[in-house]
Amino acid sequence: MSDRYNHKTAEKKWQSKWIDNEIFSSEKNKDKKKYYVLEMFPYPSGKIHMGHVRNYTLGDVVARYKKLKGYNVMHPMGWDAFGLPAENAAITEKKSPEEWTYNNINIMKGQLKSMGFSFDWKRELATCHPEYYKHEQEFFIEMFKKGLAYKKESEVNWDPVDKTVLANEQVIDGRGWRSGAEIEKKYLSQWFLKTSKYSEELLSGLDELDEWPEKVKTMQKNWIGKSFGAEIDFTLINKDTNEKKIKIFTTRPDTIYGATFIAISAKHPLSKELSNKNNNIKKFISKCEASNSEKEKLGLNTGLEVEHPITKKPLPVYIANFVLMDYGLGAIFGCPAHDQRDLDFANKFNLEVIMVVKPDDNSVKEINTEAFVGSGKIINSDFLNGLDVERAKIEILNFLESKGLGSKKTNYKLRDWGVSRQRYWGCPIPILYREDGEVVPVDESDLPIILPKNKKGGELITSLKDVQEWKTTICSQTGLKAIRETDTFDTFFESSWYFLRFCNPRLNKAIDFDEIKYWLPVDQYIGGIEHAILHLLYSRFFTKALRDLNYIDVREPFRGLFTQGMVTHKTFRNDKNQWIEPGEVVAKKDKIFDSDGNIVFAGSVEKMSKSKKNVIDPTEIIELYGADTARWFMLSDSPPDRDLEWSERGVLASYKFLNKIWDISNKSKVYKSGLKNIDRGYVDKFEEKIHEITLNIESFHFNKSVAKIYEYVNLLSTLINEKKLKNEDVSVIIKNLTIVIHPFIPHISEEIWNKLGFEGFCAATSWPVVRKSFKKESLRMPIQINGKTRSLIDINANEEEDSVLQKAMNDPKVIKHTENKKVLKKIFVKNKIVNIVVK
RNA sequence: GGGAGUAUGGCGGAACUGGUAGACGCGCCGGAUUCAAAAUCCGGUCACUUCGGUGGUGUGGGUUCGACUCCCUCUACUCCUACCA
C-alpha cells in the first residue's frame, strides 16, 4: 500500500518546478492562437481573502484548461497599489505608504503562490511604481492636448476638524470617519475627463459584447442613461436680468400645456445672478447647498415670470433643490399632473395642476396627491387633443421646431469623470500653475513626476500641498516659476489600462502596439460584480480614448466577462448580541456555545467581513488541507456566478475526495483484470463523461464539471473493484482523469502524473480528444399514459415508431392502464418518449 | 420611486432547444471492517400510502399529448440605482 498523499511537500514541489521550468510563460510565437485570461488585480491590503481565492481559482481553471487545449495563454497578475488604506496605515502604523504597500505585496505574493495559480510572474506590475504611473501622466497630457481633460469647479467632502478632503467612503452618515465632525460641502477646481464625449459609443459598444452578462450590460446602459426629449425656450417677461430666457430639457414635451411653473437649480447661472442682487435668494441657495435631508422639497419663488411658449400665459419661476444642475440644463418646466416630484412641489406651494393626459380606461379623473404618469390620450391641449402620448410628442416637437421655440435633444445621464483626488498616495497629475497665470501640462520630456518620498524619521506626508520643495518648480519651456498640481489621480485611472500594460510591462514606452494587437482584447475577464459600472466603464472609455490618441487599435478591452458571486459564511452572536467567530463555536447536543460556555445563536449567512467576525483565513486552510482542497471546495456545488457558502464540512469532503483520487491512482498500478469477456462500451462511458466535463468548463459551469468528475471516479472505482476493465484501458482512463482534474486541482494531478511515469508536465500536456457524439445501441424509453410515466421499455437506438408503439402496447403496465379505456392519441418522439392519451 | 435577478428534498445544487424531476456532493439511517474508534467500503434516503398507487419544483391560473422549463397573476427574498425632468 502506498503512503498517503502529502499535500505540503507536493504542493511546494510543483509550485517551484512550474516556475523553474517557465511552464506558464506565454510563447513569443504570434502565429499561435492566443488566449488572454485576466482576473481583476487585487489591492495589496496585506493578506488574501476568500474572495481572492475564489476569483483566482476560477481564472486559473480557465487558464490551465486553455493551455491544455493548445492555446498560447497569457495569465498575468499585478497590484492595484495606490489608494487610501496605505495612507491610513501610515498614520496608525507609522510606516510610509510605500513601505507598507511593498511589504504587503511581498506577503500576498507568497500567499498567491501557495495557491498554485498559473500566473506569469515575469509580467508582474505594481501601479505605484514610477515605471508604471509615469505612462499615465503622458496619457493625461495627451488627453489634455486633445481637449479630453479639463478643469472645473466640483464638490468635495470637507472635514472641518481634520481640515482635509475626504473620499466618499470616509464619510459615514454625513460625518468624518476619523473626527466624527459633520462634513461640509466645499467647491474646488478639479480635473475631469470627458467620458461624456463617448456616451453614445460606450452605449452602442455594449451590443457587440455578447460574452458579457446581460445584467452588467443593463447596469451600464442605465448608468449611461440615454433619453430622448426636447429643449424648449421660455422667455422671461421681466427683462432686467442678463439672462433673457430659460432653456429647459424635458422628455415629456407632450405635457407642455400642463406646465404651471418653471424650476431652476440653485446652481443655475440665473440663480447665481439673482443671488448677487437679492439676499433672500442668496440665503436660500446656501440652504439648498447645505441641506442633506434630500427628500424634502425646498423652493423659492424668484418673483420672475416666463411666458408659456404656446399659450403665452405667465408662469412663475422657482429655484428648487430637486433640480440638478448636472443633468439636462438645470432647468425644467413643472407639469404637476404628470410628474410626482412636480406634483409634490406644486402642492407645497399651491401651484395650479392641469391634467393633460387622460388614461384610456378613465381610471383617473382628477389629480390630488398622485401624479398620473401612464399613457393615454391628450386633453386640454389645443391641437394635441385626442392624440396618444407618443404621437403627441412628435407633433409638438415638429411644431416647436417650426416656430423656433425648441428642438429635439438626446440626453445622457453619464457625467464626466472627476479624476482629482486630494491625496498623497496616488499618481501626481502632471500640470503646472505658472506665475503668469497659465495652466500648462508638464513637458513630456520632464516626465515622470515622481511622488516625493517620505523621509525616514521625518513627518509623514499626507498631502502634496505640504511639500514645498516638491511643488515649487520652474517651467522648463519658459523658465517661469511654477507650482505643481498637488492633486493625484483617482485610483481607477491606474486600473483603466493595466490590462494593456501587461502585454509588455517593462517596455520604456507606455504601449507596445504590436503586442497589444496580438493579445487584446482580453478573452476572459473575471471579477466581482461590484465593478460592473465604474471600473469596467472607465476601462472601456480609456480604451476608446487611447485608440483616438493613436496608441492602440482596439475598440473594446474585454471580450468575455464573468462576474463571480461572493463568499459567505454563517454568523454567530451571543446573548449580548455580539458577533462570535465561527472557530470559537462549539456544538453540544442541539445547542451551541462559545469557548467560555456561553450560549450562542446562529445568525444569517452573510458575506465574509471582519465586522461580523465570519471570516475564514485562506492561509490556515492551505496549511491544514492544502491549496487543492481549497480550490476543489471553491469549485464544487455552487455555480460560479452565485454566492458560495463556506462550510467546514464541504472542505472536509473535498479533502476526502483528493485522497480518494490518490488511492485510485495507486490501485491502477497493481490492477490486473481476470475477466475474459470485456465490455468495450465501458470505455465509451468515460469518454462521454470527459466530453461533458469539457462542455461544462467551456460554459463556466465548473460545479457541473465537478459533479461529472465524481461520476467518472465513482464509475472507475466500481469497475476496478469488479475487475471489468482491461489493464491498458485502466491506464488510459486514469491518465485522462489526471488531465481533466488538472485545471481544478493541479498539484495532486501533477504528482499523480509524475508518479505514474507519464512524460513531461501534466500542466503542459494536451486535453484528451474524445468523440463528440456517443451512439448508443439501445436505450430505455419512458412510456407515459396521459403525461405520466408508467413504464420503461428497452428499445434499439433509432427504433421506428411502429415497432416501439407495438412494444409499448404489449407492456403489462401499459395494458393495465389502458384496458377498458379508449386510446385517443399516441405521441411518439424518436429516442425520447411515448405518450398514450386515453379516456 | 425606478431597474435587474432568484425561488426545486433536511442543506448546496442537477435536469441539454418543453419529454423518466431530485444527477453529484453534504447530512442522516442501516450494514461490513475493527478489541474499540477514526479512516475506508457497501446499501438506503422527496412526502404520503391500504404497497395497487397518490401528491409534489414559492402562490393561483393558462397554453400543450406532456410544463421546473413557455405566458399571465400574486407573494417572498436578494442586488443595483435613485429627486436623472
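Each chain gets a letter, A, B and so on, in the order the sequences are listed, and its residues count up from 1. Note that the coordinates shown come from a computational prediction; the quantities given were computed from them, not determined experimentally.
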Nucleotide nearest [X] (side chain, heavy atoms from C-beta), chosen from [options]:
| X | options | value |
| --- | --- | --- |
| Pro782(A) | G53(B), U20(B), A85(B) | U20(B) |
| Lys656(A) | G3(B), U20(B), U40(B) | U40(B) |
| Arg790(A) | C65(B), G53(B), C26(B) | G53(B) |
| Asn835(A) | C65(B), G53(B), G12(B) | C65(B) |
| Tyr710(A) | C84(B), G25(B), G52(B) | G25(B) |
| Lys816(A) | A85(B), G52(B), C24(B) | G52(B) |
| Arg642(A) | A7(B), A82(B), A23(B) | A7(B) |
| Lys704(A) | G27(B), A14(B), A85(B) | A14(B) |
| Gln784(A) | A21(B), G13(B), C26(B) | A21(B) |
| Lys832(A) | A85(B), C16(B), U81(B) | C16(B) |

Nearest whole Å is fine: how far is [N] [atom2] from [X] [atom1]?
| X | N | atom1 | atom2 | result |
| --- | --- | --- | --- | --- |
| Ile836(A) | U20(B) | CD1 | C1' | 15 Å |
| His701(A) | G25(B) | NE2 | C1' | 18 Å |
| Tyr327(A) | A82(B) | OH | P | 14 Å |
| Asp641(A) | A14(B) | CG | P | 9 Å |

Decide, for G52(B), between syn and anti: a glycosidic angle within 90° of 0 counts as syn, anything else as anti. syn
Could you check G9(B) for me: syn (within 90° of 0) or anti? syn
Quick one: label [X] by what it contacts on the DNA or RNA (base, sugar-phosphate, nothing), any heavy atom closer than 4.0 Å.
| X | result |
| --- | --- |
| Val323(A) | base |
| Val837(A) | sugar-phosphate |
| Lys708(A) | nothing |
| Ser636(A) | nothing |

Which residue lies more 5' along RNA chain B, comparing Met781(A) with Arg341(A) via nearest heavy atoms: Met781(A)
Map Thr218(A) and Thr251(A) onto RNA chain B by nearest heavy atom, then report which one ends up closer to the 5' terminus. Thr218(A)
Taking only Lys NZ, Arg NE, NH1 and NH2, and the carboxylate oxygens of Asp or Glu, determine whether Glu711(A) and Lys708(A) approach each other closer than 4.0 Å. yes
With the threshold set at 4.0 Å, does a side-chain nitrogen-carboxylate oxygen contact exist between Glu800(A) and Lys830(A)? yes
Excluding sequence neighbours, so at least two apart, what forms side chain to side chain contact (heavy atoms under 4.5 Å, CB included) with Thr718(A)? Glu722(A)
Any strand, both distances under 3.5 Å, Watson-Crick or G-U wobble: U50(B) pairs with none
Return yes if some donor-acceptor pair links the side-chain N/O of [X] with the main-chain N/O of [Y] below 3.5 Å, else return no.
| X | Y | result |
| --- | --- | --- |
| Thr410(A) | Phe228(A) | no |
| His268(A) | Ala331(A) | no |
| Asn55(A) | Gly51(A) | no |
| Asp643(A) | Met566(A) | yes |

Using the [atom1] atom on both, measure [N] against [M] and round to a whole Å.
| N | M | atom1 | value |
| --- | --- | --- | --- |
| C11(B) | U59(B) | C1' | 24 Å |
| G53(B) | G30(B) | C1' | 27 Å |
| A15(B) | U8(B) | P | 15 Å |
| A36(B) | G31(B) | P | 14 Å |
| A4(B) | G12(B) | P | 27 Å |

Phosphate OP1/OP2 of [N]: any [X] side-chain N/O under 4.0 Å:
| X | N | result |
| --- | --- | --- |
| Lys413(A) | A82(B) | no |
| Asn703(A) | A14(B) | yes |
| Asn714(A) | G25(B) | yes |
| Lys607(A) | C79(B) | no |

